[in-house]
Amino acid sequence: MKQNTHFTYFKPEKQGVYPVNGGCLFATEIESFNDCGLILYDKNGTVTRIPFDRKGKRGALYGIMVQEEKFPFTSYNYYDGDRIFTDPYARGISGLEKYGEFGNDRRETKGTFFSEEYDWEEDSPIKTPYKDTIIYGLNVRSFTMHKSSGVKHKGTFEGIIEKTDYLKKLGITAIELMPAYEFDECIYASSSALRTMEEAVKNCTLDNRTGERVNCWGYQKGFYFAPKASYSADRPDISFKNMVKTMHKNGIEVMMQFYFPPELKPSYILEVLRYWVIEYHIDGVRLSGFNIPLSMIAEDPLLKETKIRSIYFPINEIYGDKKPFYRNLACDNGNFKNDMRRFLKGDENLINQVIFYQKNNPAGNAVVNYLADYDGFSLYDSVSYERKHNEANGENNSDGTDYNFSWNCGAEGESRKKAILKLRMKQIKNGLTFVLLSQGVPFLFSGDELANTRYGNNNAYCQDNETGWIKWKGNKFSEEIFRFTAELIAFRKKHPVLHLEEELKVMDTIGCGYPDISYHGTEAWCPDTSYISRVMGIMLCGDYAKEIQDDCMYIAINMHWEKHELALPKLPKGEKWIKVLTTAEDKQEQIHLDESRVLIEDRSISVFLSEKKQQEKVRKTKRKSSNVKEGMETF
């Protein structure tokens, strides 16, 4: 030990490392009675060991204060007998800075010291209500790693900053990062990292494997208090904070996914979430794993205005008969993906599910709707592949789910046939329309707005290459999908009747002559919910939009492979239905002369708004001008 190094034992109240004048306070949990203590490293590689003492012990916590003039230490670890371990509370980690750097053995990690100085410039949470939120999921590395991304700092938090204008143009309100805390992405032969959410839920682990590959997703135990160094072009903490601050300045919230394995304590999980909200100003979290204290998290005062997303929340246990003062909890609606994909491809007996999902918006928690996520098929692949193609994962195509509820539109994989490409484009547009015109919170995964493909790989956890990365190079197909996605998002934002605070009741509760939502078939007010039905008209009454007066809206859905007529409900005198959106190839209006029926193209959705007849010419002119400006610019 250096002669100038002074240390003092103290009885700690919490774990972690905290700066003091001329040094640091160190506190960690060690339950054994072995020889244990602190290891300090300086920039020259000199190692200093300081043993713990019972004078600095409280419960299972040991504390020591180390001071030295011109504090020379750059990193630290703890030892417990022969075991050396890195602080699970370390706010910075060294040893994992280079992504996917394999050696002869596992990489050695050390805790690093954290600077608390940062100018947030009066940054504060945005607190966009769930009803107005549109979430955009992304993997930090995969988002901008491809050469076509056009960013300077590929695969980093800085790369996300460089895509700010793109995110604003798309219109999303929140980005949700896949795990961006520190973890070792290198998968070794003895690794037992969990690959997919399905495997995590089932508590299955990988068999021993050979060969070097990386875990691109990060659903494994990590260092939960430190941003991932290899996702940064500068100091990780500064890079992450710069990203959050930039997003907030542009009206975009930042959410982050956390996976917690079984060995972590509920109290530790709660500390992690509180820390990221306080230190990094994140606006929300998505939780998965084991032993997650959902009730504790939901009831924690500090997290009351933080978006919390999980598969499930015990809402009755949390709220009882009370209504939340701020609806910050959201449940994943996983069945939405499966059932709506089946409906999209024309399966039978799904009309009642469509009715339910379109208005599902419970009071106690929001629901998140999506057709694609990081696992499973991308949106493009769900209309291009019927079978998974995971051969490149090196597991004989045995990994990943076998149930994709997909349809390849007539050809497996890439195709140049115009008829197939037109059908795929229509199906992608239909899928996006289902997600963005339903009452729940829409979730898009990055690249789906560009028709990004993972080449049929539905478990691309180890594909740090073009399979897993987003391809940004535009073509007419991807440009049209982007244009349509941005148009749908703008349309949703403009019409509050599509994202109301309270769930629709299918009743006229305000005496306006129309129920808040109603269903129609070949005859108005008479929906066909039979086993073979694939056609439905949904009317939303704009009078129920409390914030601003909205138009009445009629969503005509036809997932049959033949054209169908639908009845249009009669509007008040002086108003008529005008088509404003369609996924059909034929964009021409198909409303009959008596304005009571409409012919809907096969496998398509059309949206109509009520407008006063004298305004029709003016609005159609504005709409035409808007469409001319909608073309997508260079990414």
Side-chain angles (χ1 to χ4, degrees), residues 89 91-93 114 116 118-130 132-141 143 156-161 163-164 167 172-183 218-219 222-229 231-232 235-260 268-289 292-294 296-298 300-310 326-330 332 366 368 374 441 443 446:
Y89 284 80
R91 295 191 276 179
I93 299 292
F114 182 84
E116 297 183 348
Y118 183 79
D119 184 5
W120 277 105
E121 302 179 32
E122 299 183 355
D123 176 82
S124 61
I126 297 175
K127 294 191 291 189
T128 303
Y130 259 131
D132 300 326
T133 296
I134 300 166
I135 305 173
Y136 184 80
L138 63 89
N139 179 291
V140 175
R141 182 171 173 85
F143 186 55
T156 64
F157 302 124
E158 286 83 357
I160 296 174
I161 293 174
K163 286 294 185 182
T164 302
L167 296 172
I172 54 93
T173 68
I175 59 173
E176 181 184 273
L177 312 182
M178 291 172 66
Y181 46 82
E182 192 61 87
F183 61 91
Y219 297 106
F223 296 100
Y224 292 97
F225 288 82
K228 188 161 178 58
Y231 286 175
S232 170
R235 269 181 41 189
D237 56 323
I238 300 299
S239 295
F240 195 99
K241 290 175 179 179
N242 286 342
M243 178 200 64
V244 172
K245 186 166 65 174
T246 301
M247 292 298 109
H248 284 180
K249 285 181 177 179
N250 288 276
I252 299 173
E253 293 183 307
V254 178
M255 304 173 67
M256 198 161 88
Q257 296 186 30
F258 290 85
Y259 168 76
F260 298 108
Y268 177 80
I269 293 172
L270 186 59
E271 285 183 89
V272 169
L273 303 184
R274 290 170 60 93
Y275 175 77
W276 279 86
V277 170
I278 295 171
E279 185 64 41
Y280 288 101
H281 290 202
I282 64 171
D283 304 273
V285 297
R286 180 180 178 183
L287 307 173
S288 59
I292 299 174
L294 294 174
M296 287 175 58
I297 293 169
D300 188 280
L302 189 144
L303 302 177
K304 283 287 187 179
E305 294 182 338
T306 298
K307 288 182 170 65
I308 313 291
R309 176 183 173 191
S310 184
Y326 181 80
R327 194 171 66 154
N328 69 319
L329 306 182
D332 284 347
V368 179
Y374 63 90
V441 180
F443 173 89
S446 51

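Side-chain atoms are counted along with the backbone in the values below, which use heavy atoms only and exclude waters and symmetry mates.
Among the candidates Ile297, Ile278, Ile308, the single residue satisfying the side chain to side chain contact (heavy atoms under 4.5 Å, CB included) test with Leu273 is Ile297.
Separating the CD1 atom in Ile161 from the CG atom in Leu167 is a distance of 11.5 Å, to the nearest 0.5 Å. Distance check, rounded to the nearest 0.5 Å: CZ of Phe260 to CD1 of Ile292 gives 6.5 Å. Atom CE of Met178 is separated from atom OH of Tyr374 by 6.0 Å, given to the nearest 0.5 angstrom.
Between Val441 and Ile135 the shortest heavy-atom distance is CG1-CD1, 3.9 Å. Residue Glu253 comes nearest to Lys307 through the heavy atom pair OE1-NZ, 2.8 Å, listed as atom of the first residue, atom of the second, then distance. Across all their heavy atoms, Leu287 and Leu294 have their closest contact at CD1-CD2, 4.3 Å. Smallest separation of non-hydrogen atoms from Tyr326 and Lys304: CD2-O, 3.6 Å. Here the closest heavy-atom approach between residue Val140 and residue Thr156 is recorded as CG1-C, 3.6 Å.
Residues forming a side-chain hydrogen bond (donor to acceptor under 3.5 Å, both in side chains) with Arg309 (at least two apart in sequence, or on another chain): Glu176, Asp332. Scored by the side-chain hydrogen bond (donor to acceptor under 3.5 Å, both in side chains) test, His281 finds Asp123 as partners (sequence neighbours excluded). Every residue two or more places apart in sequence or in another chain that forms a salt bridge (charged side-chain N to carboxylate O under 4.0 Å, His left out) with Asp237 is listed here: Arg235. Partners of Glu122 by salt bridge (charged side-chain N to carboxylate O under 4.0 Å, His left out), not counting sequence neighbours: none found. For Phe225, the ring pair (Phe, Tyr, Trp, His ring centres under 6.0 Å) criterion is met by Tyr89, Tyr268, Tyr275, not counting sequence neighbours. Annotation: side-chain hydrogen bond (donor to acceptor under 3.5 Å, both in side chains) contacts of Ser232 (sequence neighbours excluded): Ser239. Under the side-chain hydrogen bond (donor to acceptor under 3.5 Å, both in side chains) criterion, Tyr130 pairs with no residue at all, not counting sequence neighbours. Listed by chain and residue number, Glu305 satisfy the salt bridge (charged side-chain N to carboxylate O under 4.0 Å, His left out) test with Lys127 (two or more places apart in sequence, or in another chain). For Tyr118, the ring pair (Phe, Tyr, Trp, His ring centres under 6.0 Å) partners at least two apart in sequence or on another chain are Trp120. Judged as a ring pair (Phe, Tyr, Trp, His ring centres under 6.0 Å), and not counting sequence neighbours, the contacts of Tyr181 are Tyr224, Phe258. Here Glu158 pairs with nothing under the salt bridge (charged side-chain N to carboxylate O under 4.0 Å, His left out) rule; sequence neighbours left out. In terms of the side chain to side chain contact (heavy atoms under 4.5 Å, CB included) criterion, residue partners of Asp300 (sequence neighbours excluded) are, by chain and number, Leu270, Arg274, Leu302, Leu303.
Side chain of Asp283 to main chain of Met255: no donor-acceptor pair is present (N/O by atom type, distance under 3.5 Å, no hydrogens or angles). Between the side chain of Glu182 and the backbone N or O of Gly92, no donor-acceptor pair lies under 3.5 Å. Looking at Thr306, its side chain never comes within 3.5 Å of a backbone N or O of Gly284 through a donor-acceptor pair.
With a 4.5 Å cut-off on side-chain heavy atoms, Val285 and Trp276 do not count as touching. Side-chain atoms of Pro236 and Tyr231, non-hydrogen and from C-beta on, never get closer than 4.5 Å to each other. Annotation: side chain of Lys249 is in contact with side chain of Glu121 (closest heavy-atom distance under 4.5 Å). In this structure, the side chains of Ile175 and Leu138 come closer than 4.5 Å at one or more pairs of heavy atoms. The side-chain heavy atoms of Met247 and Ile160, taken from C-beta on, include a pair separated by under 4.5 Å.
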